[in-house]
Amino acid sequence: MILLRILVIAFNAVVISFLIYRMLEVFKQPVSGFKKTMVIIGGLVLLLVPFGIFLRFFAPTFQYFIIYPIAIAVYLYMIKEI
């Protein structure tokens, strides 16, 4: 169980830092206001999930490890075009 917690913390730390990096990169680019707003809001929603687990609003389940990486991949694919 302790190993699982360490893996969850490491995974979340990597995801949080990468999402913040990508949001800052998109923020710097000259993109229309609506697209930039949607990217920032989407990134913030994805950032709330690891903080919710860290603050124990909900537990990390098997579904989290399946759905969250897919959501991150879709988000990154969407902002790749920007």
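Counting from 1, the numbers follow the sequence of the chain as shown.
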Roughly how far apart are [X] [atom1] and [Y] [atom2], rounded to 0.5 Å?
| X | Y | atom1 | atom2 | result |
| --- | --- | --- | --- | --- |
| Gln29 | Lys36 | CD | NZ | 8.5 Å |
| Ile20 | Leu44 | CD1 | CG | 9.0 Å |
| Phe18 | Ile72 | CZ | CD1 | 9.0 Å |
| Arg22 | Ile79 | CZ | CD1 | 4.5 Å |

Decide whether [X] and [Y] are clustered together by the hydrophobic rule: side chain heavy atoms of Ile, Leu, Val, Met, Phe, Trp, Tyr closer than 4.5 Å, transitively.
| X | Y | value |
| --- | --- | --- |
| Val49 | Phe57 | yes |
| Leu19 | Leu24 | yes |
| Leu48 | Ile9 | no |
| Ile16 | Leu76 | yes |
| Val45 | Tyr21 | no |

Measure across [X] and [Y] and return the closest heavy-atom pair with its distance rounded to 0.1 Å.
| X | Y | result |
| --- | --- | --- |
| Leu46 | Ala71 | CD2-CB, 3.9 Å |
| Phe11 | Pro69 | CZ-CG, 3.9 Å |
| Thr37 | Gly33 | OG1-O, 2.7 Å |

inquiry  = Between Phe27 and Val39, does the side-chain contact (heavy atoms from CB on, under 4.5 Å) criterion hold? Intermediate values first, please.
reply    = CA-CA 9 Å; Phe27 189 72; Val39 166; over 6 Å; no
ask   = Does any non-hydrogen side-chain atom of Met23 lie less than 4.5 Å from one of Leu47?
value =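 When only atoms from C-beta onward are counted, Met23 and Leu47 do touch, with a gap below 4.5 Å.
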